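Just the heavy atoms: all of them, side chains too, but no hydrogens, waters or symmetry mates, feed the values below. Keep in mind it's a predicted model, so treat the numbers as computed, not measured.
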Amino acid sequence: MKKTERVNLIMRFINNRAHFTIAEIQREFKISRATAIRDINEIQAMGFPLTTELGRGGGYNVLQNQYLPSVRFTPEELKAIFISFIASKNSQLPYLHNRRSITEKLIGIASQAQQDELIELNRILLFENTNPSNPNLLELDDAAPQELNQLISLAVRDKHLRLTYELSPGWPLLMDVYLLHIFNSNAQWLAEVYDLDTNGFRYLPVVMLRDSAISERELKWSEQEILSRKRLFARESNLIVKLDATGIQRFKRMHPPGIILSFTGMFQSSGIFNVQLDVTDADSLAYYADWLLFLGKGVAFERIPDELRVILEDRLGTPPAF
């Protein structure tokens, strides 16, 4: 029997008793006295309410009226949770203060030996965007945009929102939107919305939002109608691109927000995506040309606007593959 399984069984065994002794644990689980004592010490370190009764007939008393934690973590589980927290500390996640308080609570329920192990893990493990000379120095600010927490809290109640979008300081734009998704792309949080005033889909940087609130207007369209518009918009895409395995890997590393890659080959060996480009936006066309070249030589075009084709031909010296 594995140690973790045995400790869990011992906890169930003693939880149904007001008093027990080490000898009883030895007989019940056929283990040595030293093993029984180590297991009981570990259970106490988890926060199980036990008091020691000294003397010849002594043992342990279980405090039945005390709070018993509904969830107990093994040392390996505690390490897994702690590692996931330190791995995400530089990922600009929401609810930063809540993550810190949870970490403090996790450390609080750990024994001294476990705490020492967690501290050592924090010293030796390095994750992306940490400085090897000083792991506590982050390349990214360890805080999501201030507006993100409020936006999430509102969206779980109602997706019809009033947003103030401040593209540049002092120039706010009040928007009536239906929120579709909140996601992180290329180290920035974005809100995918349907603009109910312009009847268009937009991706808004959350860092540029101010004073989000639930809209007081009547919703013009149902969610089903908005999603139907999005599907129609996708079918009218003027850029359809096929990718090989190399292109898929590079797509995963970097891609413009809102693009969904569909896999078409076994083992994710090929894929396809579509985009509706504004051919009058020269900056956007130049960006997509750079990005498509980054995806590699395995890119093939099922549909491409002439304006983008001209840019790629100029860069490549040859027409793009179809």
Side-chain angles (χ1 to χ4, degrees), residues 91-93 128 144-145 148 151-152 155 159 163 165 167 175 177-195 198-209 223 226-313 315-316 320-322:
S91 300
Q92 298 185 0
L93 297 181
E128 187 179 6
L148 182 59
L151 190 64
I152 293 173
K159 294 180 181 178
L163 305 178
Y165 180 48
L167 184 59
M175 302 177 63
V177 306
Y178 188 84
L179 182 72
L180 295 172
H181 299 101
I182 303 170
F183 61 97
N184 189 283
S185 177
N186 299 330
Q188 108 171 290
W189 283 98
L190 299 169
E192 181 188 7
V193 303
Y194 180 68
D195 189 335
T198 63
N199 291 328
F201 295 93
R202 303 182 63 175
Y203 297 92
L204 307 177
V206 175
V207 72
M208 295 182 180
L209 300 182
E223 182 176 19
I226 292 172
L227 293 177
S228 295
R229 286 169 175 258
K230 185 178 181 181
R231 287 191 289 269
L232 179 62
F233 184 78
R235 285 198 297 270
E236 295 173 348
S237 299
N238 55 8
L239 176 64
I240 302 178
V241 182
K242 298 177 180 179
L243 299 180
D244 63 358
T246 299
I248 289 172
Q249 292 304 315
R250 295 185 179 183
F251 179 96
K252 291 178 179 179
R253 286 169 55 190
M254 184 180 70
H255 61 268
I259 298 181
I260 298 175
L261 178 65
S262 300
F263 296 108
T264 55
M266 292 182 63
F267 310 112
Q268 299 185 0
S269 59
S270 60
I272 189 170
F273 67 84
N274 53 41
V275 186
Q276 178 66 39
L277 292 180
D278 180 359
V279 296
T280 64
D281 188 339
D283 290 338
S284 178
L285 289 176
Y287 170 82
Y288 269 88
D290 292 338
W291 177 63
L292 290 168
L293 291 173
F294 161 75
L295 293 179
K297 297 181 180 180
V299 169
F301 297 92
E302 190 170 295
R303 187 183 303 166
I304 181 174
D306 291 336
E307 293 81 356
L308 180 59
R309 184 204 307 270
V310 170
I311 297 174
L312 289 173
E313 288 180 356
R315 304 272 182 89
L316 294 170
F322 276 81

Min side-chain heavy-atom separation [X]-[Y] under 4.5 Å:
X	Y	answer
Leu179	Leu163	no
Met208	Leu167	yes
Ile182	Trp189	yes
Val193	Tyr203	no
Asn238	Val275	no
Met175	Arg202	yes
Asp306	Arg309	yes
Leu190	Val206	no

Please name all residues satisfying side-chain contact (heavy atoms from CB on, under 4.5 Å) with [X], sequence neighbours left out, ordered by chain then number.
X	answer
Leu261	Leu243, Ile248, Phe251, Phe263, Phe273
Thr264	Ser270, Ile272
Val310	none

At what distance, to the nearest 0.5 angstrom, does [atom1] of [X] lie from [atom2] of [Y]?
X	Y	atom1	atom2	answer
Lys297	Leu316	NZ	CG	10.0 Å
Lys230	Phe201	NZ	CZ	7.0 Å
Ile311	Ile304	CD1	CD1	9.0 Å

Suppose we screen for side-chain hydrogen bond (donor to acceptor under 3.5 Å, both in side chains). Which residues come up paired with [X], at least two apart in sequence or across chains?
X	answer
Thr246	none
Ser269	none
Ser237	none
Asp290	Arg315

Inset, instruction - Evaluate the side chain to side chain contact (heavy atoms under 4.5 Å, CB included) criterion for residues Val279 and Leu308: first the C-alpha distance (whole Å), next the side-chain angles of each, then the deciding distance (0.1 Å), finally the verdict. - result: CA-CA 8 Å; Val279 296; Leu308 180 59; over 6 Å; no
Inset, instruction - Kindly indicate, with the supporting measurements, whether the criterion side chain to side chain contact (heavy atoms under 4.5 Å, CB included) is fulfilled by Leu293 and Val299. - result: CA-CA 8 Å; Leu293 291 173; Val299 169; over 6 Å; no
Inset, instruction - Go through the steps to decide whether Tyr194 and Val177 satisfy the test side chain to side chain contact (heavy atoms under 4.5 Å, CB included), and finish with yes or no. - result: CA-CA 5 Å; Tyr194 180 68; Val177 306; over 6 Å; no
Inset, instruction - Would you indicate whether Ile240, at its atom CD1, is surrounded by more than 12 heavy atoms from other residues, nucleotides or ligands within a distance under 6.0 Å? - result: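 For Ile240, atom CD1 is crowded (more than 12 foreign heavy atoms under 6.0 Å).
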Inset, instruction - Sorted by first residue and then second, give each side chain to side chain donor-acceptor pair (under 3.5 Å) pair with at least one member in residues 272-283; sequence neighbours left out. - result: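 Qualifying pairs, neighbours excluded: Asp278-Thr280.
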Legend entry - Which residues share a salt bridge (charged side-chain N to carboxylate O under 4.0 Å, His left out) with Glu223, sequence neighbours left out: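 For Glu223, the residues satisfying salt bridge (charged side-chain N to carboxylate O under 4.0 Å, His left out) (neighbours in sequence not counted) are Lys159.
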Inset, instruction - Among residues two or more places apart or on two chains, list those pairs meeting salt bridge (charged side-chain N to carboxylate O under 4.0 Å, His left out) that have a residue in residues 243-264. - result: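 Of all non-adjacent pairs touching residues 243-264, none passes salt bridge (charged side-chain N to carboxylate O under 4.0 Å, His left out).
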Inset, instruction - Please determine, by modelled atom types, if Tyr178 and Asp195 share a side-chain donor-acceptor pair under 3.5 angstrom. - result: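 No donor-acceptor contact under 3.5 Å links the two side chains.
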